[in-house]
Amino acid sequence: VSDEQRLSRREFLIGSAAASALIGTGLGAAEGQQTAPPAAKPELFRFGIIGSGGQGRGALMRSALRIPGVQFTAVCDIREDSLAEGLKLAGPGAQGFRDYRELLEKAKMDAVIIATPLHMHAPMSVAAFQAGHHVFCEKTMAHSIEACKQMLRAQRRAGKLLQIGHHLRYSPLYTHARNHIGKGVLGQITNVRALWNRHGSWRRPVPRGDYDFRKWGYAQPDHLFNWRLYKQYSGGLMTELASHQTDVMNWILDATPVAITGIGGIDYYKDGRTVYDNVHVIYEYPGGVKFTYESLTANAHSPYGEAYEQIQGDKGTFVLSNVPKPRGLFFLEPQASGPEWLGVAGKTTIDGKEAVTLDAKMSPNSRTKIPGQAVNIAETTKSTYQLELEDFIDCVRTGRTPFCSGEVGIRSAAPALVAIEAMEKGRRVEIPSDYYEA
Amino acid sequence: MRLVRERERFCLHAEHAAMACPFGFELWGSDPDHLQAVVEEATEALDGLEQQLSAYVPTSDICWLNAVASQAPTRVDPELFDLLTLAARLHQETGGAFDITAGPLIRCWGFFQRAGAVPEPSTLAEARERVGMEHLSLDPEERTVFFERPGIEINLGAIGKGYALRRLLELIQRYEVEAALLHSGASTIAAFDERPDGQPWRVGLLQPDSGRRFGSVALREGGFSTSGQFEQSFVQEGRRFGHILDPRSGEPAAGVACAWVQAPDPAEADALSTALFVLGSEGARRYCEEHPSVAAYLLLEDEEGAQGDRLALRGVDLGLRPDLEVESGE
């Protein structure tokens, strides 16, 4: 299914005549998001969730509950505070669990969401498939290539669906940009540069209370709260941040890296953590495209927001960002003439250089059907979390393979995991093609 | 961030920009690394609240409600539902002087665009049609919000920062922090416990026209907030129009230059500083009499003040006096 078909199908499901008229622009989804919830009683969709902490509750549950018909019938967390908050958000009737195996056995649900520390993604997903459930698993897919493959094998045996939470694939802005790139707006892509820089230790304070951390395999209470800082539970910056951006580049370039060089270190926050606090990686894609990546934690400077991707071709450059807010810019190379819609597109000036805004907001003709400029993306009221979950629900209902399937997930996980290996070994590591296959 | 050591204790000062203002943190405790982790947790939570509550973030719950809640009852999370319920109670208790649906009025007076001008009567009438929290229906059973009239929209500008401070106070109290003072651009302040030296936090009061500090109040816990015509106002045909609008009339509120409100909940303090400003001295007095946990101080401007240059001001104390220290001078 192409991106346009995928977005159009969602439009069709919303059932709005106005939205249907936009099918074919490739951006109908964004316009359709302003559509009313259907007047008829929405069809029930029951989720269970394992991991109702910051990401599970704050991003996924809250986004899912915007979708008409969605209910959370079961919530599981090993932390009492997260469980209580999750149950409160789910509302009356939801069952609470401390042990995920019990949830998988007892909950009445149409699918389970897994939003736990990385090292638990594979065992929980495998158990969910064995119990006969469809799975939406947060990114990154798993903590090792073998664990990713276990998930895929279990999924295939169960005949159930698996979606990985790389939500940028569901972003109207990124879809918009990818469509343009597919039409050759940037010409031949030669280079990519991306970063995700923050200024903060990433260390969470440990609240008061007794926590049964050993029962769940954590060496000390701190590890339960700060699992992102320790290698046995997480890949640090590579799996918690960078994999989003590698996923986007795999999708846009329609390829996966063949080799990775990297250097990282624990150079600033010498507080006992075992994951790097700064990473610098070069991915080599087929055809000579180099993708240079950096993620810092002791300096948040960035010209285009906390995180961005800069895609450079021989005709121009796209700068895309989703953090802190969706933003797209197009810089034309001086030698290139640019697409036919350039004259009417919205423009801005960055450091004295003219840039086309990819949200079409500035264009006086923003509502006319200029290819790719027909929608004011900046006004969309659905988050990418909501969009990915809506699509997942549609997949469960129709049996369609998720856009960000397990097969996509392993292609985005492997570069993050191999980059860690390359940094640890201090040399270039080639990625065997069977890393990407189950 | 700035760390100060005072004997056995540390005080961490930090600032974080959110909701279009600089939030300030002053946290006291014995472990500086822990204080830093708490500040990081708090700023992340603050960013999350902005993403949820801001009318300027297209994917926020508020923009989502504004887009869909006039078409069908729309479910929101328990915290937002509680906040909207609080806003509805304050709307009712103040006879409509506090109203989170006043956005169309603010826009029609040009204050959103920071270009104030008296609107045409027909434009104002049209905007007033789209204002009124009584058109907002809250269903606690289903936790849904429904706009009974098309065109209604929510903007939490008059309560959101105070609410964020309340949530941050709750967060900080879950950790080993001895005392804390938080503020949102100095317009609303929230205190957790008194200062470690046993003294209350001292909050200065500035005169709106001169910026002169004319007094201070002692704050031991809870919220304190101010609303005034400090920045945004305009003069048209010799008359000055302030940016705080009375949702009941659709006109700029007159008679008060500045209102300070103390209340246990920073969200209430934030909302009531606007509401009591709008209500004026008599309405504010009645409100404080009926709600003993709320205290206020109003600086009134007289007719002469409304003419322009320098305000003639008169203070009205509605319960703050025991803690209020009026400084000498002039």
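First the proteins, then the strands, lettered A, B, ... as listed; each starts at 1.
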Practice prompt. Against chain A, label D61(B) side chain, backbone, both or neither, depending on which of its atoms sit under 4.5 Å from a heavy atom there.
Written response: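 For D61(B), the contact with chain A is made by backbone and side chain together.
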Item to complete: Could you tell me which portion of K88(A) (side chain, backbone, both or neither) has an atom closer than 4.5 angstrom to a non-hydrogen atom of chain B?
Response: both
Practice prompt. Sort P324(A) into side chain, backbone, both or neither according to what part of it lies under 4.5 angstrom from a heavy atom of chain B.
Written response: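 Only the backbone of P324(A) comes within 4.5 Å of chain B.
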Worksheet item: So, does R62(A) use its side chain to make a donor-acceptor pair with the main chain of D77(B) at under 3.5 Å?
Response: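 Here the side-chain-to-backbone pair does not exist.
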Item to complete: With a 4.5 Å cut-off on heavy-atom pairs, point out which of Q36(B), H34(B), E40(B) contacts chain A the most.
Response: E40(B)
Discussion item. Quick check on the interface: out of S70(B), A69(B), S60(B), G48(B), who has the most heavy-atom pairs with chain A under 4.5 Å?
Written reply: S60(B)
Discussion item. Counting only heavy atoms from other residues, nucleotides and ligands, does the tally under 6.0 Å from CD of E170(B) exceed 12?
Written reply: yes
Worksheet item: If you draw a 6.0 Å radius around CD in E80(A), do more than 12 non-hydrogen atoms from other residues or ligands fall strictly inside?
Response: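 No, because the 6.0 Å sphere around CD of E80(A) holds 12 heavy atoms or fewer from other groups.
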Response to the item:
By residue number, those in residues 136-156 of chain B with heavy atoms under 4.5 Å from heavy atoms of chain A are R143(B)
Worksheet item: Which heavy-atom pair separates T381(A) from C63(B) by the least distance, and what is that distance?
Response: CG2-O, 3.8 Å
Fill in: Close contacts, residues 198-206 of chain A versus chain B, judged by heavy atoms under 4.5 Å
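Expected list: G200(A), S201(A), W202(A), R203(A), R204(A), P205(A), V206(A).
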